[in-house]
J.: 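Sending over a structure as structure tokens; questions will come in a sec.
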There are 2 protein chains.
Amino acid sequence: MSEKAYQSDVTELKKILRSHSIQPSHHRLQVLSYLKNHRVHPTADMIYQHISAKIHTLSKTTVYNTLKIFSEKGIVRELNIDEHELRYDINVEPHAHFKCVKCGKLFDVFDKTLLPDREMVDGHIVSKIDVYLQGTCKECAGKE
Amino acid sequence: MSEKAYQSDVTELKKILRSHSIQPSHHRLQVLSYLKNHRVHPTADMIYQHISAKIHTLSKTTVYNTLKIFSEKGIVRELNIDEHELRYDINVEPHAHFKCVKCGKLFDVFDKTLLPDREMVDGHIVSKIDVYLQGTCKECAGKE
DNA sequence: TAATAATATTGTAATGATTATAATATTTAT
DNA sequence: ATAAATATTATAATCATTACAATATTATTA
């Protein structure tokens, strides 16, 4: 995403943050912009690496703080599909995820038949559902 | 589980390990026995704490090694439902899991309508499906 | 059985992601 | 403009897991 494109979005991004009761600081806008424009379900470190190339004083703690706030306020969803890394998804609409064990890419899966729509199971109150699929992605399967 | 009960099961436990091409060492039998008799989806540390009370020379690395082998050979399933802890389930039959955000307990959920039975999504080959539910368990909800 | 090879276990140190903390900088409200 | 609130930083701590090399145990073979 070009700097120009980012600039043109700033007003919109600020609106998003404000509507979630988050003060739109420069860093938070950068993180939000990155998430909006790189739909790869990045890790905190990926976000940090990308933004700190532009903002050399950026602290990784700020990225973590920002992502924690985003998560608490419902702007992002944490994806715990892999033991070794926490990933962030800017799309908080219910959907499943597929991780390729070969290339490591994480895909959105919008097929609704995968997602149970339940408020109750075995008498327990359900507030969150994660459906994580793993296997070999289309592309990697084609290479074999 | 009493020591007697454990003793009486040893032959059976050995059979399980051998049938999965795992040498039935004393430590491995202990870990397997613990998993069989404590269906709480324990962490590696919980297993270590319990067994090391009896076997004072036990190394935590051994517990990790053992769980890795069990996992590779398909005796246990790793549960990644919570960012901060990896849990182990001795029941490898397909089923969902529910974690209570209040008490932290992890429940098996055998309701089959929760589990999609798919070999393919969006052209990707599916080899593993995890369905993780979170919310307030029956018991904790009752207390409120 | 004794010698040898293979495997299992141990203890310690390393890794690496995340969090805690306290100081500083910035922003907002008065 | 000043004070209060909030955001950011740098550093250190945490903690689960893994790497590694040495030792112990078990299985195999002569």
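Protein chains get the first letters and strands the later ones, always in sequence-line order, with residue 1 at the start of each.
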J.: Tell me, yes or no, whether the heavy-atom count around A:E83 atom CD, taken from other residues, nucleotides or ligands under 6.0 Å, exceeds 12.
T.: yes
J.: A:L86 CG to D:dT17 P: how many Å, rounded?
T.: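 So the CG-P distance, A:L86 to D:dT17, works out to 15 Å.
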J.: Just how far, in rounded Å, is P of C:dT19 from CD of A:E78?
T.: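 These atoms are roughly 8 Å apart.
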J.: Give the minimum heavy-atom separation between B:Y48 and B:L58, together with the two atoms involved.
T.: CE1-O, 3.5 Å
J.: Can you tell me the distance, in whole Å, between the OH atom of A:Y64 and the C1' atom of C:dT21?
T.: 17 Å
J.: Tabulated below should be each protein N or O lying under 3.5 Å from an N or O of nucleotides 10-15 of chain C; please produce it.
T.:
from, atom 1, to, atom 2, distance (Å)
C:dT10, OP1, B:T57, O, 3.0
C:dT10, OP2, B:S59, N, 3.1
C:dT10, OP2, B:T62, OG1, 2.4
C:dG11, O6, B:T61, OG1, 3.4
C:dT12, O4, B:T61, OG1, 3.4

J.: Between the axis at one end of the helix from C:dT1-D:dA30 to C:dT30-D:dA1 and the axis at the other (five pairs apiece), what's the angle to 10 degrees?
T.: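 If I round to tens, the end axes sit 20° apart.
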J.: Which nucleotide, D:dT17, C:dT19, D:dT8, lies nearest any side-chain atom of A:R28?
T.: D:dT8
J.: Mind listing the closest non-hydrogen atom pair of A:S127 and B:G135 along with its distance?
T.: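 Heavy atoms only, the tightest pair is OG-CA, 3.3 Å.
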J.: Would a 4.5 Å heavy-atom cut-off, applied to side chains only, mark B:R28 and B:L32 as touching?
T.: no
J.: When you check the side-chain N and O atoms of A:N65 and A:T61, is any donor under 3.5 Å from an acceptor?
T.: no
J.: Could you work out the complete set of other residues in the hydrophobic cluster of B:I125, with links drawn between I, L, V, M, F, W and Y side chains under 4.5 Å apart?
T.: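 B:M120, listed by chain and number.
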J.: Rounded to whole Å, please give me the gap between CD1 in B:I69 and C1' in C:dT7.
T.: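 Going from CD1 in B:I69 over to C1' in C:dT7 covers 10 Å.
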J.: Does this structure show an ion pair linking B:K14 with B:E12, if we count only N-O contacts that are shorter than 4.0 Å?
T.: no
J.: Could you check which of C:dT19, D:dA16, D:dT6 has an atom nearest any side-chain atom of A:Q23?
T.: D:dT6
J.: Taking the ring of A:H124 and the ring of B:F107, is the distance between their centroids below 6.0 Å?
T.: yes
